Amino acid sequence: MHYFPSFLEVNSTRNRTQTLSVTSGKGGVGKSTLLANLAYSLGQKGQKVLILDGDLGLANVDIIFGKKSKHTIFDVLNCEKKLQDILLEVSPNVYLIPGGSGLYQLSHLAPHQKKSLLEQVSEMDHFFNYLLIDTASGISENVLYLNSAAQDILVVVTPDPASITDSYALIKVLTQKFHENHFGIVVNLVRDEEEAISTYRRLAEVADRFLCVSLDFKGFILNDPKMRQATKKQQMIVHTDPLAQSSRGILNLVNEIHGLPKLKEPKGSLQFFWQQLSGVA
Ligand SMILES: Nc1ncnc2c1ncn2[C@@H]1O[C@H](COP(=O)(O)OP(=O)(O)OP(=O)(O)O)[C@@H](O)[C@H]1O
Ligand SMILES: [Mg+2]
């Protein structure tokens with residue numbers, strides 16, 4: 001098992017960490033697989049990536065990478081481990097914070113726990129270029145908090161009408177309860193570009209009519225049996241078959257994300273993210 005490298009490597013002039021959640025209204029739309037492939041590809045570009053597996057019930061990003069984590073954030077909150085000691089290197093430049101049920105505790109921490117966690121997080125803020133957060137699906141409180149703490153929210157939707165309806169429900173509650181008004185949309189499991197655009201339009205039309213939000217079309221990924229097979233083998237499709245149809249969509253998305261303006265506002269930092277999550281802000 002590989003753990004976090006020495007903090008001596010930290011370049012303090014680096015931009016703050018971009019925080020991006022990958023979320024969905026409906027389950028099984030490909031969030032975790034997409035996030036893992038995005039993280040892998042950003043890592044290949046030399047970007048330092050931290051993943052928070054925020055799916056409490058089905059935390060499985062480690063498994064997607066073919067690794068198994070021994071510790072979770074639970075051990076950090078109980079002061080048995082330091083945050084940097086539980087980080088698992090899942091691929092070059094990519095580290096995972098195994099979440100698990102310990103995440104439930106984050107909104108109910110004692111002051112000394114909050115302080116200790118934030119100190120540990122702020123030490124890492126200049127090391128990582130990206131924090132990618134895998135959430136569960138739906139509108140549970142935990143999903144909403146994770147999304148509202150992130151700087152950018154990427155909603156994964158598929159042409160399935162239930163996915164479109166559930167994405168709308170998620171966007172609506174994030175807008176109304178958390179005043180989020182900007183979302184990136186990725187359409188997964190599509191036949192072709194036309195189906196991706198028509199799916200995006202169906203979602204955008206209803207959102208435009210009833211909500212005051214902007215939805216940015218970030219890209220699409222074709223329904224590709226090779227991607228499903230790669231998942232079964234615990235492989236990253238962008239690694240094993242970068243020319244596969246699904247890889248192309250993922251790699252376009254990586255370029256899109258990597259090209260996002262690097263905001264220096266406070267919301268774009270690890271520290272801000274954890275402050276929001278633990279209610280310190
Ligand atoms: N573009 C695609 N083409 C084919 N299969 C895909 C594609 N995207 C994802 N899948 C497959 O769909 C399955 C579900 O993916 P994944 O677990 O990533 O979804 P999820 O949204 O994270 O689910 P959950 O809501 O349960 O966390 C996996 O087997 C994955 O390989
Ligand atoms: Mg998942």
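FYI, side chains are in, hydrogens and waters are out, and symmetry mates aren't considered; it's all heavy atoms of this structure. We count ligands from 1, going down the list as the structure has it; atoms in each ligand are counted the same way. Being a predicted model, the structure only gives us computed values, none of them experimental. All residue numbers in this chain count up from 1 along the given sequence.
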Sub-4.0 Å atoms of ligand 1 with respect to non-hydrogen atoms of N223: 3 (N), 4 (C)
NZ of K70 to CG of L88, rounded to nearest 0.5 Å, is 10.0 Å
Residues M227, I250; criterion side chain to side chain contact (heavy atoms under 4.5 Å, CB included); working and verdict: CA-CA 11 Å; M227 179 136 167; I250 296 168; 4.0 Å; yes
For the Mg ion (ligand 2), every protein N/O/S atom that sits closer than 2.8 Å, waters excluded: S32 OG
Counting heavy atoms only, which part of T231 comes closer than 4.0 Å to ligand 1: side chain, backbone, both or neither? side chain
For L132 and T19, run side chain to side chain contact (heavy atoms under 4.5 Å, CB included): C-alpha distance rounded to whole Å, both residues' side-chain angles, the deciding distance at 0.1 Å, then the answer. CA-CA 6 Å; L132 302 183; T19 61; over 6 Å; no
Which residue and atom name correspond to the protein heavy atom nearest atom 3 (N) of ligand 1, and how close is it? D224 N, 2.9 Å
Using a strict 4.0 Å threshold on nitrogen-to-oxygen distance, state whether R191 and E195 make a salt bridge. yes
Looking at atom 6 (C) of ligand 1, what's its closest protein heavy atom, distance included? L189 CD2, 3.8 Å
Gap between atom NZ of K26 and atom OG1 of T165 - 0.5 Å precision: 10.5 Å
So how far is it from K218 NZ to Y200 OH, rounded to the nearest 0.5 Å? 10.0 Å
Heavy atoms only: which of I237, V190, V61, N188 lies closest to atom 8 (N) of ligand 1? N188
What atoms of ligand 1 come within less than 4.0 Å of a heavy atom belonging to T33? 15 (O), 16 (P), 18 (O), 30 (C)
Under 4.0 Å from a heavy atom of G28: which atoms of ligand 1 are those, numbered in the order shown and with their elements? 19 (O), 20 (P), 21 (O), 23 (O), 24 (P), 25 (O), 26 (O)
Which protein heavy atom lies closest to atom 12 (O) of ligand 1, and at what distance to 0.1 Å? R228 NH1, 3.6 Å
Going through the distances and angles, do D134 and S32 end up as a side-chain hydrogen bond (donor to acceptor under 3.5 Å, both in side chains)? CA-CA 6 Å; D134 186 32; S32 306; 2.7 Å; yes
Would you mind running through ligand 1 and noting each atom that sits below 4.0 Å from a heavy atom of I221? 1 (N)
Can you find a heavy atom in the side chain of N129 that is under 4.5 Å from one in the side chain of L42? no
Under 4.0 Å to a heavy atom of G27 - the qualifying atoms of ligand 1, by number: 25 (O)
To the closest 0.5 Å, what do you measure between CG (D208) and CZ (R201)? 11.5 Å
Mind checking whether D55 contacts ligand 1 via backbone (N, CA, C, O), side chain (CB onward), both or neither, at a 4.0 Å heavy-atom cut-off? side chain
How close does the nearest protein non-hydrogen atom get to atom 25 (O) of ligand 1, and which residue and atom is it? K31 NZ, 2.8 Å
Carboxylate-amine/guanidinium proximity below 4.0 Å for K226 and D241: yes
Between S24 and ligand 1, does any nitrogen or oxygen pair lie at a separation below 3.5 Å? no
Under 4.0 Å between heavy atoms, the region of I64 that gets near ligand 1 turns out to be neither
Hydrogens and angles aside, do T23 and N147 bring a side-chain donor and acceptor to less than 3.5 Å of each other? yes
Under 4.0 Å from one or more heavy atoms of L222, ligand 1 contributes atoms 1 (N), 2 (C), 3 (N)
For the CD1 atom of I51 and the CG atom of L38, what is their distance to the nearest 0.5 Å? 9.5 Å
Do F65 and Y40 have ring centres separated by under 6.0 Å? no
Quick one: nearest non-hydrogen protein atom to atom 19 (O) of ligand 1, plus distance? G30 N, 3.0 Å
In chain order, what residues pass the side chain to side chain donor-acceptor pair (under 3.5 Å) check against S247, with sequence neighbours excluded? none
